[in-house]
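Heavy-atom basis, side chains included; hydrogens, waters and symmetry copies ignored. Keep in mind the model is a prediction, meaning the values are calculated, not measured. Naming convention: chains lettered A, B, ... in sequence-line order (proteins, then strands); numbering from 1 in each chain.
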There are 2 protein chains.
Amino acid sequence: MIDHREPAEIIDWLKEEGLDVVKTQLTVGDYIVSNDVVVERKSGNDLTSSIMDNRLFEQINRLYEAASSPILILEDFDSIFKNTSMNPASIFGVLVYLAFRFSLPMIPSRDWRDTALILKRLVLRVQVKDEDPILARSVPKLMTLDERRAFILEGMYNVGPKTAVKLIDAFKTPLGVFQALASTSVVYTRTGNPKGLEGPLANIKGIGVKFVLENRKLIEQGNE
Amino acid sequence: MIDHREPAEIIDWLKEEGLDVVKTQLTVGDYIVSNDVVVERKSGNDLTSSIMDNRLFEQINRLYEAASSPILILEDFDSIFKNTSMNPASIFGVLVYLAFRFSLPMIPSRDWRDTALILKRLVLRVQVKDEDPILARSVPKLMTLDERRAFILEGMYNVGPKTAVKLIDAFKTPLGVFQALASTSVVYTRTGNPKGLEGPLANIKGIGVKFVLENRKLIEQGNE
DNA sequence: CTGTAATCTTTATGA
DNA sequence: TCATAAAGATTACAG
C-alpha cells in the first residue's frame, strides 16, 4: 500500500516490476509492505523541516505504534545539507538519536529509482516466509506517566524539562503543583522589593519570585 | 576505543574535540563507544568487497555477539556504486536484508568528517543516557493568556486545540479543569459497563468516559 | 537536534 | 537587613 502523495514514478515503476500496488491514503508512513514493515521516506529538506518543527519524532513514534519493523529511507541524502541552514551536527544528532534510541534502520538512497529498488527488495524479502526477523526490538514507550505529567507543566512560563521534573517530583501531579502555586506567596522587604517566597514552593530550587508572579496569572481566575 | 587502523584524521579530530580516545587493536568493530554500542565503518568499496567475499555477514554477526546496539556507518555512500561491478540491486538487497533481519541502524556519511561528527554525537548521546528523561515542547510565542491556558491542557491525553479551548471556556483556568476532573466520576451499569459521567464534566460535549479514565491517571497519585 | 543568547535564581559581598 | 554584583542553571530562540 502506497500513500497517494508519493511520487508517480515510484508507483509506476513498482507496477511495471509486477508488484501488487494499492494507492491509498495512509495515516502513518508512506509505504506499507506488510503488517510488520512500514516505510517512511524522507527526501531533501523533508528531513530538516520536520526536525525543526518537532514533527519527525511524532512520526517515528507513530511508525513504531503501527509496526514492529519500521524503516526510514533517506533519499538524496547529500542534498539534505545543501538547501538548509541547519547545522550538520544537528542533522547527525537526529540520526544518531534515532539509531541509538530506536535502533531504527535507515537506508540511504540516491534518487527515486534507488528508493523504488529498495521497496521492491523489501517486498521480496518479506515474502520469504521462513526468514523472520532475528530480533524484534521493543522500543521504550514515548512517555511514562510522570513524563507526561511533567510535559503538561512545560506549558507554564519559564518551565522547561528540568523544572517540570523537579515540580512533579515534589508535588506528584499537575494538580498538586497548581495547588502549591496557589498557596505560595511572595514576601517583600519593607521598601517594597521582592525578597523571597513563603509556602510550598519556597524550598524548591530554581523557583523564584518571577516564577510565582508570572504563573499565578495562568492559574488564577484573572483575565488579561 | 578506536581500532588503530582507522584514519588518523578521525582520531585526531576526536581528540581535538576533547574526547577520551584510546587507540588499540579491536577484534570486532572499528569503534567501541560503550558496552552496548559498537560501530562498524564501511567506506567506498569496503562495503562491496566485503559483500562479495561473504565477510560482511560474519562481521555483522560478531557485532551483535559483542554488543546489543551495533551501528553501521556508510561513509561516502554514493561512491560505493562507482568503482564496482556489483549490481545496485544487490547492494540494496544487502542493506534491506540488514535492515529487515537485524534492524541494524545504518547512518550515511559523506566523508571522514561526517563520520567523526557522528562518533562524537554518539559519545555524547550515550553519556547523557540517564538524564534527558523528557522531551521538551516548544511553546508558540505569540499567545494570549487564555491561549496559553489552553496550551497547557494540550498535554493531556486526547486533548487538542479544540477540546482545550472548550475546557478553558468552561472552567476558566487549568487548575479549575483539573479540579473538575478530580470531582467527576464514571457511572457504571449493573453489569459493569461504563454508562456515563457524573459531575462537572458530564455536560461538556466531546468529553466522555474514556477521557476521564485516561486523564484521571495524570491527576491521581498513582505510579505507572 | 544543536548552539547561542537571554533570563531567572542563588550565592556572595559590602554597606 | 537590604541592595548590588557575580556565578550558576535553565529556558527560549534561531537555524
For Glu40(A) and Lys42(A), run salt bridge (charged side-chain N to carboxylate O under 4.0 Å, His left out): C-alpha distance rounded to whole Å, both residues' side-chain angles, the deciding distance at 0.1 Å, then the answer.
CA-CA 7 Å; Glu40(A) 174 83 26; Lys42(A) 286 286 177 204; 3.5 Å; yes

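Taking side-chain N and O atoms only, Asn193(A) has a distance below 4.0 Å to OP1 or OP2 of dA3(D). One finds a side-chain N or O of Arg125(B) lying less than 4.0 angstrom from the OP1 or OP2 phosphate oxygen of dT2(C).
Cation-pi geometry between Arg137(B) and Phe151(B) is met: the NZ or CZ atom falls under 6.0 Å from the ring centre, inside 45° of the normal. For Arg148(B) and Tyr157(A), the positive end sits near the middle of the six-membered ring, less than 6.0 Å away and at most 45° from its axis. By the 6.0 Å and 45° rule, Arg110(B) does not stack over the aromatic ring of Phe77(B).
Taking atom NZ on Lys162(A) and atom P on dA12(D), their separation rounds to 13 Å, with Å as the unit. In this structure, the CE atom of Met86(A) is 18 Å from the P atom of dC13(D), given to the nearest Å. Atom pair Ile91(A):CD1 and dG3(C):C1' shows a separation of 14 Å (rounding to whole Å applied). Between the CE atom of Met156(A) and the P atom of dT7(C) there is a distance of 20 Å, given to the nearest Å. Between Asn87(A) atom CG and dA5(C) atom P there is a gap of 14 Å when expressed in whole angstrom units. In this structure, Leu117(B) atom CG and dT2(C) atom C1' are separated by 10 Å, rounded to whole Å. With rounding to whole Å, Lys120(B) atom NZ is found 6 Å from dG3(C) atom P. Distance CD1 (Ile118(B)) to C1' (dT2(C)): 15 Å, rounded to an integer number of Å.
Checking dT9(C), dC2(D), dT10(D) against every side-chain atom of Arg190(A), the shortest atom distance belongs to dC2(D). Relative to the side chain of Lys195(A), the nucleotides dC2(D), dT2(C), dA12(D) differ in distance, and dC2(D) lies closest. Checking dT11(D), dC8(C), dT2(C) against the side-chain heavy atoms of Ala89(A) singles out dT2(C) as nearest.
The backbone N or O of Leu218(B) sits less than 3.5 Å from a side-chain atom of Arg149(A), completing a donor-acceptor pair. Looking at Thr173(B), its side chain does come within 3.5 Å of a backbone N or O of Ile219(A) through a donor-acceptor pair.
If Thr189(A) and Arg137(B) are placed on DNA chain D by their nearest nucleotide, the residue sitting closer to the 5' end is Thr189(A). Nearer the 5' end of DNA chain C, as judged by each residue's closest nucleotide, is the contact made by Arg121(B), out of Arg121(B) and Glu214(A).
Residues from residues 39-64 of chain A that place a heavy atom under 4.0 Å from any atom of DNA chain D, listed by number: Met52(A).
Under the 3.5 Å distance criterion, with hydrogens and angles disregarded, a donor-acceptor pair is assigned to the side chains of Glu75(A) and Thr115(A).
Each of Leu72(A), Leu63(A), Asn61(A) was scored for a side chain to side chain contact (heavy atoms under 4.5 Å, CB included) with Phe102(A), with one residue passing: Asn61(A).
With a 4.5 Å cut-off on side-chain heavy atoms, Pro70(B) and Ile60(B) do not count as touching.
Looking at Ser90(A), its side chain comes within 3.5 Å of the base of dG15(D) through a donor and an acceptor atom.
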B/S/- along nucleotides 10-15 of chain C (protein heavy atoms under 4.0 Å) is SS----

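Between Tyr97(A) and Phe57(A), the ring planes lie perpendicular to each other; the angle is over 60°, past the 30° to 60° tilted range.
Across all strands shown, Thr191(A) has heavy atoms under 4.0 Å from sugar-phosphate atoms exclusively, and none from any base.
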